[in-house]
Structure formats: C-alpha cells, structure tokens
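Let me begin by presenting the structure, written as structure tokens, before commenting on it.
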Amino acid sequence: MQRLESLHKRFAVSHKSLFNSACTLNSFLDSTETYYDQLLKSCNVLAALKQIHSSLTTSGLITQNPHLGAQLIIKYTKYGEPNTSRSLFNNLQSDKPNSFLWNTMLRAYTNSGHFVETVELYSLMRRSGISSNNYTFPFVLKVCASKSLILNGKVVHADVIRTGFHSDIYVEAALVDMYAKCGQTDDGCKVFDEMSMRDLVSWTSMITAYEQAEKPKEALLLFQKMQQEGLLADSVTIVTVASAVGQLGDAMRAQEVHGYAICNAFLEDLCVGNSIVAMYAKCGNVEQSRVVFNQMQERDGISWNSMLSGYTQNGQASEALLLFDEMQDSGCKPNPVTALIMVSACAYLGSRLHGRKLHNFIINRNIKIDATLCNTLMDMYAKCGDLDTAECMFNDIHPSERDVSSWNVLISGYGMHGHGKKALELFTRMQDEGVEPNHITFTSILSACSHAGLIDEGRNCFADMTKLSVKPEAKHYACMVDMLGRAGNLYEAFDMIKQMPSPPNDSVWGALLLACRIHGNMELGEIAANSLFQLEPEHSGYFVLLSNIYAASNNWQEVGKIRQAMKYKGLKKPAAFSMIEYRNETYGFYTADQVNPYNKEVYEKVESMSIEMKMAGHVPDLSCVLHDVEEEDKEHMLNYHSEKLALAFGIMKIEPELAIQITKNLRVCNDCHSALKIISYIYGRKIIVRDVNRFHHFGGGACSCKDYW
DNA sequence: TTAGGGTTAG
C-alpha cells in the first residue's frame with residue numbers, strides 16, 4: 001500500500017508539471033502505465049487517464065497537439081475502453097481531420113483485437129476521403145490476415161497500388177503476410193518476388209508463409225537463399241525455420257538449426273527454446289527435446305506443452321504423465337492445450353484410470369472444456385474401452401453444438417469396438433441432421449465397416465465419397481484394402497491398389513500384407529512387403545509380418561533371412577507389453593516377464609490355465625512363435641506372452657462380475673486370440689483386449705472381431 | 001510521430 005501511495009504522490013507531482021510540455025506528458029503517461037502495470041494489474045489506470053484527459057481538455061492542449069490525443073486514444077483502448085477512445089477520436093478529427101489520428105485509431109483497434117471495428121473504420125476512412133498512407137495499410141492488412149479476410153485484403157491491396165505505396169517495405173511485408181495467412185501463398189510470393197528491397201522481416205514473412213502452407217522444403221530453400229544474400233537470421237526467423245524442419249521430420253537438419261541457434265545465442269529467447277524442443281520431438285528425437293528442455297533457463301506453458309506433446313507424439317505417453325506431475329510441482333498451471341495433450345496421452349495409453357482422473361482434474365481446475373477438448377475426451381473414453389461414457393458425453397452435447405468431429409469420434413469409437421451397424425446408423429443420422437461428412441468421417445466409417453466385416457456397406461460408403469465430393473485419399477484406400485483383404489478378396493484389393501490415383505503409401509501396402517498374413521498368401525505378401533521395405537525400410541513391424549507369413553508355412557529358411565536382414569539393419573521387434581488396471585493401480589507385463597511383483601502367482605495360474613484350455617480342446621498355435629525351436633519350447637514361449645500373463649493376473653484379482661480389460665502395444669497373436677476366447681468360455685468372463693489396431697470383446701468363447709484382426 | 005515476421009494441441 002505504501003508503494004501505491006508513493007505512486008499516487010508521484011502522479012500528482014507529474015500532473016502539476018503536465019501542462020509544461022507534450023514531452024513530459026508522454027513520458028508521464030508511459031511511466032504511469034509501466035508503474036501501474038508492474039505493481040497492480042487491477043489498479044485503476046483508467047482513473048489516471050481520465051484525470052489527464054480532463055486536464056488536457058480544460059487547458060485546450062488536446063486540440064493543439066494531436067499526439068496528446070493519440071496517446072489517450074491508444075491507452076483508453078488498451079485498458080478496455082475503446083468507446084471512450086472512439087468518442088475522443090470523433091471529437092478530435094471533426095475539429096481537425098488528419099490521417100495521423102485515423103491511423104492512431106486503427107492502431108488502437110488492431111492492437112487490442114477489435115478487428116471488426118478496424119475494418120469498419122477503414123471503410124469509413126475511404127468514404128470520408130481521408131487519404132491512407134504507408135502507416136495505414138499494415139494495420140488493416142494485419143486484421144485481414146488474422147481473420148482470413150481475403151476479399152477485404154484484396155481491396156486493400158488495390159488501394160495500396162492506387163495510392164502508390166506498393167513499394168513501401170512495411171506495406172509489402174504486411175501484404176505477403178496477409179496473402180499467406182489467407183492461404184494464398186502464390187500471391188504472397190508474387191508480392192515478395194516483385195519487392196525492390198527486402199529486409200529480414202520480408203524474408204521471414206515469406207519463409208513463414210511457406211511454413212504455414214506446409215511447404216517446409218520451400219521454406220528451408222528460401223532460408224538458404226536469404227543466408228546467401230548475406231542476411232543473418234534473428235530469433236523470429238529461427239522459430240519459423242525450426243517449425244519447418246519439424247514438419248519435414250529431418251533429424252539431421254534439426255541438429256543444424258539447433259547448432260545455428262546456439263552459435264548465435266538465440267537459445268536465450270524463450271520462443272526459440274520452445275520451438276527447438278518441438279522440432280526435435282517432431283523429428284522423432286524426443287531425448288534431445290528433453291535435453292534442450294532441461295537446459296532452458298526459463299520455461300512457460302508452451303515449453304511444458306511442447307515437451308508433453310513431444311512425448312505423446314513419440315509414443316512415450318507414460319513419460320508425458322510423469323512430466324505432467326513435474327509441471328504441477330514446478331507451479332506451472334496446466335491450460336486447455338495441456339489438457340488436450342494429456343487426454344490424448346491417456347487415449348494412447350488406453351488407461352481408463354488415468355483418463356478418468358484427468359477428466360476430474362480438468363473439471364476441478366475449471367479448465368474450460370471447449371468443443372475440441374470435449375471431442376478429445378470422448379475419443380479418450382472410447383479408446384480406453386469405456387464406450388458408454390463416450391456415448392453419454394455425445395448425448396449431453398446439445399444437437400446444435402455437435403460438430404463434425406463429435407460425430408467422427410463416436411463413429412470411430414463404434415468402429416474400433418466392432419459395432420459396425422451402430423457406426424453406420426450414426427453415419428446416416430449425422431447426414432439427416434445436416435452435418436456433412438469429411439475425410440475423417442469416411443476413414444472412420446470405412447474402418448468401422450472393415451472391423452465388422454460389412455463389405456457391401458463399406459463399398460457403398462466408398463462410393464458415397466464421390467457423391468459428397470470428398471476425394472478418396474490413401475488412408476481411405478487402406479481401409480478398403482483392409483476390408484477386402486479381410487473377406488479374402490486379396491486380388492480385388494490388389495487391383496484397387498493398382499487403380500489408386502496417387503502412389504500407394506505404407507498403410508495401403510501394410511493392409512495388404514496383413515491380409516496376406518491372415519490368408520497365407522505368400523505371392524502377394526512378398527509384393528506388398530517389397531514395396532514396404534522400399535517405403536519404410538526402418539519399420540520393423542513389416543519385417544515381422546512377412547516373417548510371420550513364412551513361419552506359418554514352416555519356411556524357416558526365409559524366416560532366418562528376414563531375421564538376418566533385421567539384425568543387419570539394427571531393427572528390433574518392439575518388446576510386447578500388456579497392461580491391466582486393478583483397484584486404482586496399473587500393472588504391466590512384458591513377455592516372459594520375470595520382474596512383476598506377482599511373478600510366482602501369475603506363472604502358476606498361467607500353467608493351470610494352459611491345462612484347463614487343453615482339456616477344453618485348445619490346440620496351441622505354434623506358428624505364432626517365430627523362432628525355429630523345438631515344438632515343446634514353442635508352446636512354453638506361447639504361454640508367457642504378455643497378454644496371457646496379464647490375463648492370468650486379471651482372472652485371479654478382478655472381481656468375477658467385472659470385465660477384464662487388457663491393453664497391448666502390438667497385435668494379439670493367433671494363439672493368444674484363441675486362448676482368450678476359450679478362457680472367456682471356461683471362466684464365464686467378459687474380457688476386453690485393446691491391441692494396436694482395435695478392441696476385441698471376448699465372451700462365451702467368441703470374439704467381436706469374428707477372428708479377423 | 002504512428003508500421004511488417006514467431007513457438008504448443010487435433
């Protein structure tokens with residue numbers, strides 16, 4: 001309070017000398033603002049402004065010097081009184097109209113986010129015959145850029161040319177930015193190419209334009225050209241360049257950018273640090289992200305969010321959960337973006353416990369649940385096996401507030417749980433309610449048809465795409481190939497790939513390879529695998545699938561060759577891992593796990609389950625063991641698959657009336673799949689398994705996937 | 001005596 005009183009005294013002293021000169025006023029206004037800003041955000045700066053305003057009006061100074069009025073206009077708007085600014089502006093300009101005051105009012109509106117008012121005022125300015133100048137255009141263009149008002153932007157561009165300011169470096173940079181943000185990169189490029197002089201900001205604007213248009217190669221090429229012309233980047237340029245490298249996913253270039261930032265001391269800039277963290281994560285080098293993150297002198301919410309999302313993107317959702325705790329310990333408050341990232345992490349993990357806890361956290365912390373967060377929460381529940389809650393949330397959204405993503409999430413939720421018919425019903429309902437399906441809707445519905453084996457319905461949906469002008473992309477073809485492959489129509493699937501308008505990607509060939517593995521087609525399997533080895537030479541999963549095909553036909557020689565190739569390339573099959581939740585705790589099991597706390601009990605149960613299954617007629621499917629070993633050893637290996645260990649744990653611990661839910665990081669093997677079916681029958685238990693592709697609901701000796709997965 | 005370029009989520 002004492003500090004506040006002294007401020008008031010200083011204010012009074014300055015106020016007395018205020019009439020002496022305009023210079024005193026400006027510095028006074030600035031100092032008032034700074035002091036109040038720093039000391040008390042809620043302090044009544046407005047009262048101070050009003051006092052000054054009235055003194056200036058009484059003395060008549062305000063009409064003599066336009067800059068005094070301009071200061072008040074800017075500050076009134078800044079402190080939440082745009083209307084007071086506007087009436088002051090109206091009074092002043094009716095007295096003595098000049099461009100400077102108009103520019104000031106435009107500046108006040110633009111910088112305080114009153115975009116509609118900026119556009120309206122500019123329009124009034126034109127009608128009133130006040131001439132615009134090089135200061136006018138950047139403000140208006142900035143609004144057109146941030147609101148994607150391309151039509152208004154073009155009108156302003158015409159005004160720029162008409163008034164002869166098209167060679168002003170500030171106006172040109174603003175034009176480049178406006179076109180870029182309106183998605184018209186080519187027009188922006190044209191302005192950029194025609195510039196007679198370019199400074200760092202012009203170059204950065206154009207580099208950003210390419211980066212925003214997801215053309216990272218062009219962005220980086222331009223960055224190179226800029227350096228060739230002898231310009232040194234600043235921190236803003238580096239942020240954009242880092243983002244472009246992230247889009248490209250080029251780990252080598254990521255190191256170069258990082259090096260450049262270190263050499264030029266840009267890393268001290270918080271934004272640069274954040275962008276480097278995000279860049280490394282997008283290039284798959286999340287360890288390096290963490291190193292940079294740990295080295296940062298200062299961190300804000302974006303730093304934490306970048307690191308959290310880096311872990312999630314790279315499949316290290318558990319690390320994200322740990323870091324989330326650290327974030328709170330450090331005193332950084334999670335924001336809605338943090339919530340979104342963490343909900344996605346829980347969805348990835350398939351952890352219902354963490355998901356629910358997080359949802360409660362979001363509610364308790366009053367984090368606003370907007371449409372996106374709501375949809376992500378629904379998605380999380382569906383992916384954690386709690387489709388009921390996802391449905392409830394969907395029903396709770398007012399019909400007028402359901403967007404296309406809300407429908408997509410639920411359609412895809414039904415799909416992954418094998419409820420194809422329900423997904424189709426929802427697909428029809430959304431259209432009846434006037435919501436247009438987009439490319440994601442079609443991915444969800446096609447995949448739902450595929451999971452449920454609804455071939456004809458799937459074909460119809462694929463045909464609907466053209467009718468609804470949604471262009472089929474590779475991912476849609478992948479769903480179709482998966483669906484046809486499931487039905488055993490391998491050659492029809494292969495024909496579909498050949499007819500694709502764009503080159504097939506890895507997911508398309510991957511779907512064919514999976515179908516070949518299930519139906520034991522070595523000929524097409526080899527074609528698919530060879531294409532995959534060219535497209536994704538480092539992806540171990542495809543090697544494993546092909547070796548599965550050979551193993552199934554006892555072709556151990558080929559299996560050996562693949563193992564050799566994998567060894568040569570340094571590829572390893574990721575360790576199989578299954579997770580189960582019991583009474584607020586999460587338990588994880590690796591294959592042949594020797595470290596879990598229930599080791600002895602679990603292994604005893606596995607052995608007894610194995611006998612029970614045999615008695616019920618289960619024959620171990622030894623083709624699932626890739627190693628060329630004795631039959632008896634193979635059977636032993638099968639028993640210790642991670643999902644079987646988790647299952648044994650679940651049978652022992654989880655109350656009989658509750659479903660046993662297991663999440664696995666890879667695809668469930670054939671033997672485990674039949675074992676799960678038979679166990680569901682013997683023990684009369686409901687077992688839900690989420691594997692890398694979908695959910696399997698086991699009960700009464702059958703699975704919802706109808707044995708295709 | 002006013003002006004142009006930036007990072008995180010899906």
Side-chain angles (χ1 to χ4, degrees), chain A residues 22-23 26 65-71 73-74 98-108 110-111 132-142 145 165 168-178 180-181 188 191-192 195 198-209 211-212 226 233-244 246 266 269-279 281-282 289 293 299-310 312-313 320 334-345 347 370-373 375-376 379-380 403 405 408-409 440:
Chain A
C23 183
N26 281 330
N65 188 340
H67 302 103
L68 298 174
Q71 284 291 322
I73 287 171
I74 296 293
N98 68 64
S99 301
F100 169 66
L101 270 180
W102 284 79
N103 290 344
T104 304
M105 194 64 234
L106 287 171
R107 173 186 163 207
T110 305
N111 291 345
S132 302
N133 59 26
N134 51 330
Y135 290 98
T136 318
F137 300 117
F139 297 125
V140 192
L141 287 168
K142 193 177 185 176
F165 287 103
D168 183 276
I169 199 164
Y170 283 81
V171 177
E172 286 169 313
L175 277 168
V176 170
D177 186 55
M178 182 276 291
K181 294 219 166 76
V191 176
F192 180 77
M195 286 176 82
R198 299 185 193 102
D199 65 0
L200 182 61
V201 177
S202 341
W203 281 96
T204 311
S205 300
M206 198 59 230
I207 295 170
T208 309
E211 182 266 323
Q212 298 281 321
M226 181 190 103
D234 68 359
S235 55
V236 181
T237 325
I238 287 305
V239 168
T240 297
V241 169
S243 181
F266 293 141
D269 185 311
L270 180 60
C271 286
V272 174
N274 290 346
S275 68
I276 303 274
V277 169
M279 173 185 71
K282 285 186 179 153
S289 286
F293 178 82
R299 292 183 200 119
D300 65 358
I302 294 180
S303 328
W304 288 94
N305 287 350
S306 302
M307 198 58 239
L308 290 169
S309 99
T312 311
Q313 284 162 22
N335 64 17
V337 177
T338 323
L340 210 60
I341 299 167
M342 292 317 298
V343 174
S344 307
D370 64 0
T372 317
L373 184 53
N375 293 336
T376 313
D379 186 53
M380 180 273 291
D403 59 16
S405 303
N408 291 348
V409 165
I440 300 167

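Numbered from 1 within each chain, the chains take letters A, B, ... in sequence-line order. As the structure is a prediction and not an experimental result, all values here were calculated from the model.
- Close to B:dG6, at under 4.0 Å from its OP1 or OP2, lies a side-chain N or O of A:Lys181.
- On a pure distance criterion of 3.5 Å, a polar donor-acceptor pair joins the side chain of A:Asp234 and the base of B:dG5.
- Computed from coordinates, the A:Asp370 CG to B:dA9 P distance equals 15 Å when rounded to whole Å.
- If you check every strand for non-hydrogen atoms under 4.0 Å, A:Asp177 touches sugar and phosphate atoms only.
- Put simply, CD1 on A:Ile302 is 10 Å from P on B:dA9, counting in whole angstrom units.
- Evaluation of atom-type donor-acceptor distances gives no pair under 3.5 Å for the side chain of A:Ser205 against the base of B:dG5.
- Rounded to whole angstrom, the span from the CD1 atom of A:Ile276 across to the P atom of B:dT8 amounts to 12 Å.
- Donor-acceptor pairing under 3.5 Å is recorded for the side chains of A:Asn133 and A:Thr136.
- A:Glu172 places its CD atom 19 Å from the P atom of B:dA3, with the value rounded to the nearest Å.
- Using a distance-only test at 3.5 Å, with no hydrogens or angles considered, a donor-acceptor pair links the side chain of A:Thr208 to the main chain of A:Thr204.
- Straight-line distance from the CD atom of A:Glu211 to the P atom of B:dT7: 6 Å, rounded to whole Å.
- When the nucleotides B:dA3, B:dG4, B:dG6 are ranked by their closest atom to the side chain of A:Phe139, B:dA3 comes out on top.
- Across all strands, A:Thr237 comes closer than 4.0 Å to base atoms (heavy-atom distances).
- The base of B:dG10 lies outside donor-acceptor range of the side chain of A:Ser344, with no N or O pair under 3.5 Å.
- A donor and an acceptor atom, one from each side chain of A:Thr237 and A:Asp234, are located under 3.5 Å apart.
- Look at CG on A:Leu141: it is 16 Å from C1' on B:dT2, rounded to the nearest Å.
- OP1 or OP2 of B:dG5 has not a single side-chain nitrogen or oxygen of A:Gln212 nearer than 4.0 Å.
- Atom P of nucleotide B:dG4 and atom CG of A:Asn103 are separated by 12 Å, given to the nearest angstrom.
- The base of B:dG10 sits with one of its N or O atoms less than 3.5 Å from a complementary donor or acceptor on the side chain of A:Thr372.
- Computed from coordinates, the A:Trp102 CH2 to B:dT2 C1' distance equals 16 Å when rounded to whole Å.
- Taking only distance into account, the side chain of A:Asp199 meets the base of B:dG4 through a donor-acceptor pair shorter than 3.5 Å.
- Evaluation of A:Tyr170 against the base of B:dA3 yields a stacking contact (centre distance < 5.5 Å, interplanar angle < 30°).
- A side chain to side chain contact (heavy atoms under 4.5 Å, CB included) with A:Ser205 is found for exactly one of A:Val191, A:Leu175, A:Val176, namely A:Val176.
- Residue-level contact check: A:Ile169 touches the bases, meaning some heavy atom is under 4.0 Å from a base atom.
- Aromatic ring orientation, A:Phe293 versus A:Trp304: perpendicular (interplanar angle above 60°, classes split at 30° and 60°).
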